[in-house]
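Note: hydrogens, waters and symmetry copies are ignored here, and every other heavy atom, side chains too, is used. Keep in mind it's a predicted model, so treat the numbers as computed, not measured. Below, chains carry the letters A, B, ... as their sequence lines are ordered, and counting in each starts from 1.
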Amino acid sequence: MISGFDYIKSNGLKKVFALIVDGVPTDLSAIFSETAKVEAITKEHPLALEIMRHTTAHIMAQAIKELYPSAKIAIGPVIENGFYYDISCEHHFTPEDFPGIEKRMREIIKADYKITREIVSKEDAIKFFSSKNEPFKVELIQDLDVGEVSFYHHEDKFTDLCRGPHLPKTGMASVHFDIMKVAGAYWRGDSNREMLQRLYATSWFTKEELENYINLLEEAEKRDHRKIGKEMGLFHLQEEAAGSIFWHPRGWTLYRTLRNYVRKRINEDGYVEVCTPQMVDRVLWEQSGHWEKFRQNMFISESEGKMHAIKPMNCPCHIQIFKQGTKSYRDLPLRMAEFGCCHRNEPSGSLYGTMRVRSFVQDDAHIFCTPEQINSETKRFCKLLSRIYKELGFESFSVKFSDRPEKRVGSEAIWDLAEDLLQKAVREVGLEYTINKGEGAFYGPKLEFVLKDKLNRDWQCGTFQVDFNLPERLGAWYTGEDGEKHHPIMLHRAVLGSLERFIGILLEHYAGKLPMWLAPVQIVVATITNDYDAYAQKFFDALVTAGIRAELDLRAEKISYKIRNHSLAKIQLMAIIGENESTNDTITLRKMDGSQQSLSFSAAVDFLKEICKEP
RNA sequence: GCCGAAAUAGCUCAGAUGGUAGAGCGGCUGAUUCGUAAUCAGUAGGUCGGAGGUUCGAUUCCUCUUUUCGGCACCA
């Protein structure tokens, strides 16, 4: 048997963070057989950063315990870009405390304490943390279904419960970290339990990486759709209608353009569009089961002794249309779409710009079909969605498949069928997917489509859910080939999700510089002096006739002023009209980056028609 | 909903240990007609988020409340 330290020494390895012994990540202190398969984790290894961050999280906990002895520590995991530690403390942490904690952390790193692992029996571990007045650790250990746990000691200065592995000494942790923010977080993610203080930190091997990350955050802040929406004059929100959007002319133009584009695509794909009531008697929601489950989140209106709910979704209404008259298997699949405005009383703390609102419109549709049609409808939808995402400028998206949850309705046979059909269909259209075990809806399995934006952030937008419950609950049926009555399968689907949210995503993805066909103002025609107003007006009129969304700026301002003005509003193209243009019957088109080209009057109109063309 | 922070002119922000506020941009008026990201001058504009309380006096201190921001929880 040899130790990890022996191993790296005999192999002449340096700066090893940890080892992977027979496939299991372990500390350098681990003892293992000479014949074991060993891999050294150095800086380049994918696990290295994670291990380093984890140790840094412990160092932060140690620093906090030393500076605030009354602090009780909970958990401190690694997350994307860094780590956090949850702490219960009488002292309310503020960003002013961060430099002090960071300073102490750097001292701990400099002190280069040895980090050692110790195996402790469950009983002793509980005793130890009880004596240290660490109730969260005690609870964690109590809930572990094992006989012994491992401790990590920073010499005699600090001890934490942890599975590891960790760096062999604190001096190996990177000093390129930054405590970012403090926020509340429920103990064990349970909203009924104590709220702890969560300190978030980011940590990197090099200063450069840390700076890159900070820059990325700054870039994300610049792209914030709330900020860009204001700069572009798209919408506003105000106190009297929290969670609902006031769309301004430019914003509403974007909204309508996006909606009409989707409308065109689904129309081509064999959908019919409907419009259903905004308010529906509670009886229908009781039948659908929503009243029982979501009553808290529904807006209610009462009149003449009747209680209505403002619709939180469209599906029960679509079933009402389906139920009109009789349906035969020949009517299926029936693809029923609606850009219906839905209201959900979202918790106040969850509201976020246009991304999470109480009043929104989904590009919603329900496909009524037979079980045999699930496969072809799934494929059809995947193709539609792929095309729409691509045309909107999203190069890649991923698919998640959620299978049967514990609490569910429907027979095992139909779940088997639906899950198989769904997965098979996704494979057949050539999409890769990952499985979200047990995450399906109670009424059926589902697919979720996740977009990646230019900042590499994920946004779950599309959804495709098989439902073999609601049509039955609401009494929808069709006559099959066999002459018998059958309940149709209902497929709930959306490509963009909510338009409000999707517009937010688009704004952040493009940093406001939308593709021309989506831009609310495609061009501003601006004159250099008022002598050329007539020529500018003529060009502007030609553009409007050609269906271009143009605006005319005849103000007696300098051209540089106008350029700055419109550039700040993210207008990407301007027509500059001065003496040259007017005398030569040309148009100078200027892009936001300053590049420009001169075209004849008619060529300019054609050019604009071309670049503003909707896909 | 929970924890924490914030709210001052249309926007971005400054400010006073309690004596009713200030800048830049924007608006308006006038002048300027000037070729690629801010022309000059003048002027108007604020119950300092809302409601109570303490005080001779509150935008400032206290309580409540609304909204926003950062997270957590939630998201049919």
Side-chain angles (χ1 to χ4, degrees), chain A residues 79 84 86 88-89 92-96 180-200 221 224 226-227 230-231 233 236-243 285 288-298 311-316 342 344-353 355-358 360 362 364 441-443 446 460 463 465 467 469-470 492 494 497-498 501 526-533 554-569 571 574-582 588-596:
Chain A
I79 50 172
Y84 65 76
D86 283 352
S88 170
C89 189
H92 283 293
F93 291 103
T94 68
E96 281 97 76
M180 306 295 284
K181 55 194 165 198
V182 57
Y186 297 112
W187 167 231
R188 305 202 121 180
D190 183 343
S191 58
N192 296 313
R193 304 200 63 179
E194 183 183 346
M195 181 148 279
L196 308 171
Q197 299 187 71
R198 176 171 295 177
L199 277 92
Y200 286 92
E221 207 178 309
D224 190 315
R226 294 166 296 192
K227 188 167 171 284
K230 195 177 273 178
E231 287 165 356
H236 86 271
L237 293 137
Q238 71 183 47
E239 201 170 323
E240 292 79 359
W285 303 108
S288 71
H290 290 99
W291 190 262
E292 191 194 346
K293 238 190 138 184
F294 296 108
R295 192 206 172 325
Q296 302 308 323
N297 301 310
M298 286 160 74
K311 68 175 169 185
M313 53 184 352
N314 304 306
C315 25
C342 296
R344 294 179 187 176
N345 196 358
E346 303 284 3
S348 55
S350 68
L351 302 178
Y352 171 63
M355 301 269 210
R356 183 88 182 263
V357 286
R358 290 183 173 141
F360 58 91
Q362 287 169 298
D364 197 16
F442 72 95
Y443 49 74
K446 64 180 176 185
Q460 199 231 295
T463 184
Q465 309 178 4
D467 184 351
N469 175 50
L470 204 58
H492 305 249
S498 111
R501 180 162 176 274
T527 47
I528 286 167
T529 77
N530 292 118
D531 293 339
Y532 314 107
D533 285 3
L554 302 180
R555 290 177 297 176
E557 296 289 352
K558 285 168 70 165
I559 195 66
S560 50
Y561 176 86
K562 296 184 185 181
I563 288 171
R564 179 181 159 79
N565 224 232
H566 297 118
S567 296
L568 289 174
I571 307 293
M574 289 182 69
I576 311 291
I577 311 286
E579 191 185 353
N580 292 343
E581 290 75 16
S582 175
T588 298
L589 296 177
R590 182 196 192 275
K591 283 205 239 166
M592 207 177 176
D593 63 9
S595 65
Q596 58 186 30

Chemist: Does A/Glu346 reach the main-chain N or O of A/Arg356 with its side chain, forming a donor-acceptor pair under 3.5 Å?
Modeler: no
Chemist: Using a heavy-atom cut-off of 4.0 Å across all strands, would you classify A/Lys558 as base, sugar-phosphate, or nothing?
Modeler: base
Chemist: For A/Tyr443, which contact category applies under a 4.0 Å heavy-atom criterion: base, sugar-phosphate, or nothing?
Modeler: sugar-phosphate
Chemist: Would you compute the distance between atom NZ of A/Lys562 and atom CD1 of A/Ile576 and round it to the nearest 0.5 angstrom?
Modeler: 9.0 Å
Chemist: Counting the atoms with a prime plus P, OP1 and OP2 as sugar-phosphate, which does A/Asn565 contact under 4.0 Å by heavy atoms, base, sugar-phosphate, or nothing?
Modeler: nothing
Chemist: Write down the distance between NZ (A/Lys562) and P (B/rG35), rounded to a whole number of angstrom.
Modeler: 12 Å
Chemist: Can you sort out the partners of A/Tyr352 under ring pair (Phe, Tyr, Trp, His ring centres under 6.0 Å), two or more places apart, ordered by chain and number?
Modeler: A/His225
Chemist: Measuring only the C1' atom in each nucleotide, how far is B/rG10 from B/rC72? A whole number of Å is fine.
Modeler: 35 Å
Chemist: Can you sort out the partners of A/Arg555 under salt bridge (charged side-chain N to carboxylate O under 4.0 Å, His left out), two or more places apart, ordered by chain and number?
Modeler: A/Asp553
Chemist: Phosphate oxygens OP1/OP2 of B/rC69: is one of them under 4.0 Å from a side-chain N or O of A/Arg226?
Modeler: yes
Chemist: When you compare B/rG52 with B/rA5, how far apart are their P atoms, in angstrom units rounded to a whole number?
Modeler: 25 Å
Chemist: With sugar-phosphate meaning primed atoms plus P, OP1 and OP2, does A/Ala185 contact a base, only sugar-phosphate, or nothing at under 4.0 Å between heavy atoms?
Modeler: sugar-phosphate
Chemist: I need the CG-P distance between A/Leu589 and B/rU36, as an integer number of Å.
Modeler: 17 Å
Chemist: Would you find a donor on one side and an acceptor on the other, under 3.5 Å apart, between the side chain of A/Glu581 and the backbone of A/Gly578?
Modeler: yes
Chemist: Which nucleotide wins on minimum distance to the side chain of A/Ile576, given the candidates B/rC72, B/rG35, B/rA37?
Modeler: B/rG35
Chemist: The side chain of A/Ser560 lies closest to which of these nucleotides: B/rG71, B/rA76, B/rU36?
Modeler: B/rU36
Chemist: A/Tyr352 has a side chain; which of B/rU33, B/rG70, B/rA76 sits nearest to it?
Modeler: B/rG70
Chemist: Considering only side-chain heavy atoms of A/Arg344, which listed nucleotide, B/rC74, B/rA76, B/rA38, is closest?
Modeler: B/rA76
Chemist: How far does the C1' atom of B/rG22 sit from the matching atom of B/rU59, given to the nearest Å?
Modeler: 14 Å
Chemist: B/rA37 and B/rG46: how far apart are their C1' atoms, nearest whole angstrom?
Modeler: 31 Å
Chemist: Do other residues, nucleotides or ligands put more than 12 heavy atoms under 6.0 Å from the CD atom of A/Glu240?
Modeler: yes
Chemist: Donor-acceptor pair under 3.5 Å: do we get one between A/Tyr186's side chain and the base of B/rG1?
Modeler: yes
Chemist: Taking C-beta and beyond as the side chain, do A/Lys293 and A/Phe442 meet within less than 4.5 Å on heavy atoms?
Modeler: yes
Chemist: Any base atoms under 4.0 Å from A/Glu581, or only sugar-phosphate, or nothing? Heavy atoms, all strands.
Modeler: base
Chemist: Would you mind reading off the distance between A/Tyr532 atom OH and B/rG35 atom C1', rounded to a whole angstrom?
Modeler: 10 Å
Chemist: Step by step, work out the salt bridge (charged side-chain N to carboxylate O under 4.0 Å, His left out) result for A/Asp593 and A/Lys591.
Modeler: CA-CA 5 Å; A/Asp593 63 9; A/Lys591 283 205 239 166; 5.1 Å; no
Chemist: Counting any heavy atom closer than 4.0 Å, what does A/Gln197 reach on the DNA or RNA strands: base, sugar-phosphate only, or nothing?
Modeler: nothing
Chemist: Counting the atoms with a prime plus P, OP1 and OP2 as sugar-phosphate, which does A/Ile559 contact under 4.0 Å by heavy atoms, base, sugar-phosphate, or nothing?
Modeler: sugar-phosphate
Chemist: Does A/Tyr561 stack onto the base of B/rA38, taking stacking as ring centres under 5.5 Å apart and planes under 30° apart?
Modeler: no
Chemist: Does atom CD of A/Gln238 have more than 12 heavy-atom neighbours from other groups under 6.0 Å away?
Modeler: yes
Chemist: Between which residue ranges does RNA chain B form stems of three or more consecutive Watson-Crick or G-U wobble pairs, both distances under 3.5 Å?
Modeler: B:1-7 with B:66-72, B:10-13 with B:22-25, B:27-31 with B:39-43, B:49-53 with B:61-65
Chemist: What's the gap between B/rU43 and B/rC25 when it is taken at their P atoms, as a whole Å value?
Modeler: 15 Å
Chemist: Students often get this wrong, so: under 4.0 angstrom with heavy atoms, is A/Gly578 touching a base, only sugar-phosphate, or nothing?
Modeler: base
Chemist: Look at the side chain of A/Glu557 against the base of B/rU33 and say whether a donor-acceptor pair falls under 3.5 Å; ignore hydrogens and angles.
Modeler: no
Chemist: Please measure how far the P atom in B/rG4 lies from the corresponding atom in B/rU8, and state the result in whole Å.
Modeler: 22 Å
Chemist: Can you measure A/Leu351 atom CG to B/rG70 atom P for me and round it to whole angstrom units?
Modeler: 12 Å
Chemist: Checking contacts here: which listed nucleotide (B/rG71, B/rG1, B/rC34) is nearest the side-chain heavy atoms of A/Ala556?
Modeler: B/rC34
Chemist: Looking at every strand, decide which applies to A/Arg198 at a 4.0 Å heavy-atom threshold: base, sugar-phosphate, or nothing.
Modeler: sugar-phosphate
Chemist: With a 4.0 Å cut-off on heavy atoms, is A/Tyr200 in touch with a base, just the backbone sugar-phosphate, or nothing at all?
Modeler: sugar-phosphate
Chemist: Quick one: the side chain of A/Arg356 and the base of B/rC75, do they pair up donor-acceptor inside 3.5 Å?
Modeler: yes
Chemist: Before accepting this row, confirm whether a basic side-chain N of the pair A/Asp190/A/Arg188 lies closer than 4.0 Å to the acidic partner's carboxylate O.
Modeler: no
Chemist: Mind calculating the distance between CE (A/Met195) and P (B/rA73) to the nearest angstrom?
Modeler: 9 Å
Chemist: Which nucleotide, B/rG1, B/rA76, B/rG4, lies nearest any side-chain atom of A/His92?
Modeler: B/rG4
Chemist: Please tell me which of the listed nucleotides, B/rG70, B/rU36, B/rA37, lies nearest to the side chain of A/Thr588?
Modeler: B/rU36
Chemist: At under 4.0 Å between heavy atoms, what does A/Asp190 touch on the DNA or RNA strands: base, sugar-phosphate, or nothing?
Modeler: nothing
Chemist: Please check: side-chain N/O of A/Arg344 versus main-chain N/O of A/Asn297, any donor-acceptor pairing under 3.5 Å?
Modeler: no
Chemist: Output all residues satisfying side-chain contact (heavy atoms from CB on, under 4.5 Å) with A/Asn345, sequence neighbours left out; order by chain, then residue number.
Modeler: A/Phe299, A/Arg358
Chemist: List the residues meeting side-chain contact (heavy atoms from CB on, under 4.5 Å) with A/Ile79, not counting sequence neighbours, and say none if there are none.
Modeler: A/Tyr84, A/Tyr200
Chemist: Nucleotides 5-12 of chain B: which of its N/O atoms have a protein N/O under 3.5 Å away?
Modeler:
| from | atom 1 | to | atom 2 | distance (Å) |
| --- | --- | --- | --- | --- |
| B/rU12 | OP1 | A/Lys230 | NZ | 3.1 |

Chemist: Measuring from the side chain of A/Ile563 (C-beta onward, heavy atoms only), which nucleotide among B/rG70, B/rA76, B/rA37 has the closest atom?
Modeler: B/rA37
Chemist: Output yes when at least one side-chain N/O atom of A/Arg590 is less than 4.0 Å from OP1 or OP2 of B/rA37, else no.
Modeler: yes
Chemist: Does any donor-acceptor pair link the side chain of A/Asp531 with the base of B/rU33 at a separation under 3.5 Å?
Modeler: no
Chemist: With rounding to the closest Å, how many angstrom separate the C1' atoms on B/rA21 and B/rA41?
Modeler: 25 Å
Chemist: State whether the distance check finds a donor on one side and an acceptor on the other, under 3.5 Å, for side chain A/Gln238 versus base B/rG49.
Modeler: no
Chemist: Would you mind classifying the nucleic acid contact of A/Thr529 as base, sugar-phosphate or nothing, using non-hydrogen atoms under 4.0 angstrom?
Modeler: base
Chemist: With a 4.0 Å cutoff (strictly under), does any side-chain N or O of A/Lys181 reach OP1 or OP2 of B/rG71?
Modeler: yes
